[in-house]
Novice: 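Here it is, the structure, as structure tokens.
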Amino acid sequence: MRLLVTGGCGFIGSNFICYWLKKYHGDKVLNLDKLTYAGHLSSTIDFDENKNYSFVKGDICYPEIVAKCMKNVDIVVHFAAESHVDRSITDPTIFSRTNVLGTQVLLDAALRVKVKRFHHVSTDEVFGDLPLNSKHKFREDTLYNPHSPYAASKAASDHLVRAYHYTFGLPVTITNGANNYGPCQDPEKFMPRAITNLIENTPIKLYGKGDNIRNWLYVEDYCSAIDLVITKGKIGETYLVGGSSKELTNYDVARLIVGFFGLDKKYIKFVKDRSGHDRKYAIDSTKLKTLGWQPKYDFDKWLSKTIDWYKKNTWWWRPLKAKAENLYRKTGQI
Ligand code: NAD
Ligand code: DAU
């Protein structure tokens with residue numbers, strides 16, 4: 001099989017390529033990535049010399065580049081996106097361009113060459129949020145109700161993907177995943193920001209009261225879910241992917257992280273809240289589980305392993321840290 005992976009220099013995309021090349025030895029993977037502030041060639045060093053891997057630096061919004069990359073492709077796995085909610089609050093335009101227009105350019109090209117599968121990697125944020133004390137979980141039939149410009153642009157992209165299936169018969173699947181964590185996540189996101197702050201002897205910064213709830217999914221569990229949906233999922237269908245963490249507030253997660261560092265709550269500082277901050281995400285992955293998927297990675301154990309990864313790989317995140325903190329200097333969440 002020949003795969004076109006978009007956004008393979010980002011967090012989940014690079015972990016996915018690594019996963020796929022290890023598992024499917026004969027497959028060829030072409031990575032199309034613009035190398036935005038969130039794309040790092042340093043995230044591809046574990047596979048960039050693999051003879052089945054190639055890389056093109058390019059923008060998914062440009063039809064000519066996309067058409068070239070789409071030649072002879074069997075499967076598209078579309079990760080490329082602007083992915084950070086805080087950036088979508090300070091600069092929404094690029095989110096519509098990349099996440100909506102970019103997805104449409106890819107869909108048009110995929111249709112022309114008649115790919116066997118277009119897999120769209122999406123997020124649980126398209127469903128909006130739940131009250132903090134809610135017992136409900138998002139399911140595949142939950143109505144879309146995105147709140148941030150990021151979530152709205154991802155919701156629009158999901159609708160476009162489904163429209164290309166219904167109108168043109170493009171064989172698509174979609175996964176809507178929970179908050180991923182693991183190696184090679186940019187230090188602007190909560191978990192790597194918290195860990196790298198502590199390595200630098202700076203407190204974790206918690207938005208608002210720290211009572212927002214997220215569901216945490218180890219990145220390799222999202223990769224295996226995408227794999228299963230591509231290989232066994234039903235065309236035209238959507239699958240929700242939740243992680244193994246129990247219900248944890250951001251404060252709970254921060255307490256766990258300071259604990260792993262042998263520190264106490266003095267290393268947690270409360271800062272200005274995010275505007276329109278989603279309260280709670282919770283996911284019901286029953287549909288995916290009927291295909292035989294289970295999250296394998298226990299939260300506490302893999303949080304600890306993730307901390308170890310950032311401790312051992314300071315070369316990877318140090319060059320990115322100042323840029324991430326500049327964002328928070330602008331937003332006042334420092
Ligand atoms: P990321 O920000 O780490 O990486 C995004 C990648 O896309 C980068 O390599 C960037 O250079 C590339 N890119 C951005 N604009 C591009 C363009 N115009 N053309 C080509 N490449 C471009 O993102 P991530 O956290 O790895 O998320 C990947 C996908 O998974 C996104 O679609 C996101 O919405 C979705 N998702 C993320 C999470 C999460 O917790 N991180 C959870 C669920 C779903
Ligand atoms: O749910 C899936 C989504 O998870 C993905 O679609 C997004 O691409 C991904 O960025 C993530 O979105 P969140 O906004 O949930 O993730 P973030 O890491 O930015 O924040 C996680 C929580 O932590 C959120 O409640 C905001 C809070 N936070 C964040 C940062 C950066 C803090 O309290 N302090 C911080 O420094």
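Read the numbers this way: they start at 1 and go in the same order the structure lists the ligands and their atoms. Throughout, residue positions are numbered sequentially from 1 according to the sequence presented. In this text the structure is predicted, and so the values were computed from the model without any measurement.
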Novice: Report the nearest protein non-hydrogen atom to atom 36 (O) of ligand 2: residue, atom name, distance rounded to 0.1 Å.
Specialist: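 Sorting protein heavy atoms by distance from atom 36 (O) of ligand 2 puts R193 NH1, 2.8 Å first.
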
Novice: Please verify the inter-ring angle class for Y53 with F47; under 30° counts as parallel, over 60° as perpendicular, anything in between as tilted.
Specialist: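 Perpendicular, since the angle between the ring planes exceeds 60°.
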
Novice: Evaluate the criterion side-chain hydrogen bond (donor to acceptor under 3.5 Å, both in side chains) for residue pair R162 and T238; output intermediate values, then yes/no.
Specialist: CA-CA 9 Å; R162 284 193 198 100; T238 290; 3.0 Å; yes

Novice: Would you mind finding which of V121, N250, V271, N215 brings a heavy atom closest to atom 27 (C) of ligand 2?
Specialist: N250

Novice: Looking at K234, I'd like to know if its NZ atom is crowded, meaning that more than 12 non-hydrogen atoms belonging to other residues, nucleotides or ligands lie closer than 6.0 Å.
Specialist: no

Novice: Could you list the atoms of ligand 2 found under 4.0 angstrom from a heavy atom of Y281?
Specialist: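 In order of numbering, the contacting atoms are 1 (O), 15 (O).
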
Novice: Classify the angle between the aromatic ring planes of Y144 and F127 as parallel (below 30°), tilted (30 to 60°) or perpendicular (above 60°).
Specialist: perpendicular

Novice: Quick check: does any side chain N or O of D59 sit under 3.5 Å from a backbone N or O of K34, one acting as donor and the other as acceptor?
Specialist: no

Novice: Do me a favour and list the nearest non-hydrogen protein atom to atom 11 (C) of ligand 2 with residue, atom name and distance?
Specialist: N179 ND2, 3.4 Å

Novice: Return the option from K205, E82, R274, M191 holding the heavy atom at the smallest distance from atom 14 (O) of ligand 2.
Specialist: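 Comparing heavy atoms across K205, E82, R274, M191, the nearest one to atom 14 (O) of ligand 2 lies in R274.
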
Novice: What residue and atom, counting heavy atoms only, is the protein's closest point to atom 13 (P) of ligand 2, and at what distance?
Specialist: E125 OE2, 3.4 Å

Novice: Considering only heavy atoms, which protein residues lie less than 4.0 Å from any atom of ligand 1?
Specialist: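 Under the 4.0 Å cut-off, ligand 1 touches G7, C9, G10, F11, I12, D33, K34, L35, T36, A38, G39, G58, D59, I60, F79, A80, A81, S83, T98, V121, S122, T123, Y150, K154, G177, A178, N179, N180, K189.
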
Novice: Would you say ligand 2 has an N or O under 3.5 Å from any N or O of F190?
Specialist: yes

Novice: Can you confirm, on distance only, whether ligand 2 has an N/O atom lying under 3.5 Å from any N/O atom belonging to R214?
Specialist: yes

Novice: If you measure every N or O of Y150 against every N or O of ligand 2, does any of those distances drop under 3.5 Å?
Specialist: yes

Novice: Give me the nearest non-hydrogen protein atom to atom 1 (O) of ligand 2 as residue plus atom name, then the distance to 0.1 Å.
Specialist: D124 OD1, 2.5 Å

Novice: Test your reading of the model: is there a side-chain donor-acceptor pair from H165 to the backbone of L170, 3.5 Å cut-off?
Specialist: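 Yes, H165 side chain to L170 backbone: donor-acceptor pair under 3.5 Å.
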
Novice: Quick one: nearest non-hydrogen protein atom to atom 33 (O) of ligand 2, plus distance?
Specialist: Y207 N, 2.9 Å

Novice: Measure the distances from the heavy atoms of H277 to every atom of ligand 2 and state whether one is below 4.0 angstrom.
Specialist: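 The answer is yes: ligand 2 sits under 4.0 Å from a heavy atom of H277.
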
Novice: Between A178 and ligand 2, find which residue part has any heavy-atom pair under 4.0 Å and reply side chain, backbone, both or neither.
Specialist: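 Contact part for A178 vs ligand 2: backbone (N, CA, C, O).
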
Novice: When the ring planes of W20 and F16 are compared, do they come out parallel, tilted or perpendicular, using 30° and 60° as the limits?
Specialist: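 Geometry flag for F16 against W20: tilted rings.
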
Novice: Going through the distances and angles, do R274 and D86 end up as a salt bridge (charged side-chain N to carboxylate O under 4.0 Å, His left out)?
Specialist: CA-CA 7 Å; R274 173 185 282 172; D86 290 318; 2.8 Å; yes

Novice: Can you tell which part of L206 has a heavy atom less than 4.0 Å from ligand 2: side chain, backbone, both or neither?
Specialist: both

Novice: Under 4.0 Å from any heavy atom of Y328, which atoms of ligand 2 are there?
Specialist: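 With Y328 as reference, the close atoms of ligand 2 come out as 31 (C).
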
Novice: Taking 4.0 angstrom as the limit and counting only heavy atoms of V85, give me the atoms of ligand 2 inside it, by number and element.
Specialist: 14 (O)

Novice: When you group the ILVMFWY residues by side-chain heavy-atom contacts below 4.5 Å and let the links chain together, are V66 and V5 in the same group?
Specialist: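 Shared cluster, no.
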
Novice: Once the angle between the rings of F95 and Y150 is folded into 0 to 90°, is it parallel (under 30°), tilted (30 to 60°) or perpendicular (over 60°)?
Specialist: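 The rings of F95 and Y150 stand perpendicular, inter-plane angle above 60°.
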
Novice: Heavy atom to atom 8 (O) of ligand 2, shortest distance: which of S88, S122, G10, S83 holds it?
Specialist: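 Minimum heavy-atom distance to atom 8 (O) of ligand 2 goes to S83.
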
Novice: Does the side chain of K265 come within less than 4.5 Å of Y251's, by heavy atoms?
Specialist: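 Yes, at least one pair of side-chain atoms sits under 4.5 Å.
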
Novice: Would you mind listing which atoms of ligand 2 come within a distance below 4.0 Å of any non-hydrogen atom of H84?
Specialist: 19 (O)

Novice: Do the side chain of D264 and the main chain of K266 share a donor and acceptor less than 3.5 angstrom apart?
Specialist: yes

Novice: Which residue, F299, Y297, W309, forms the ring-ring contact (aromatic ring centres under 6.0 Å, His included) with Y181?
Specialist: F299

Novice: What pair of heavy atoms forms the shortest contact from R279 to L132, and how long is it?
Specialist: O-CD2, 3.6 Å

Novice: For K321, I'd like to know if atom NZ has over 12 heavy atoms of other residues, nucleotides or ligands within 6.0 Å.
Specialist: yes

Novice: Look only at interatomic distance and state if E188 has a nitrogen or oxygen under 3.5 Å from any nitrogen or oxygen of ligand 2.
Specialist: no

Novice: For the hydrophobic clusters of this structure (ILVMFWY residues joined by side-chain heavy atoms under 4.5 Å, transitively), does one cluster hold both L248 and I283?
Specialist: no

Novice: Check each atom of ligand 2 against the heavy atoms of T123 and keep those under 4.0 Å away; list them by number with element.
Specialist: 1 (O), 2 (C), 3 (C), 5 (C), 6 (O)

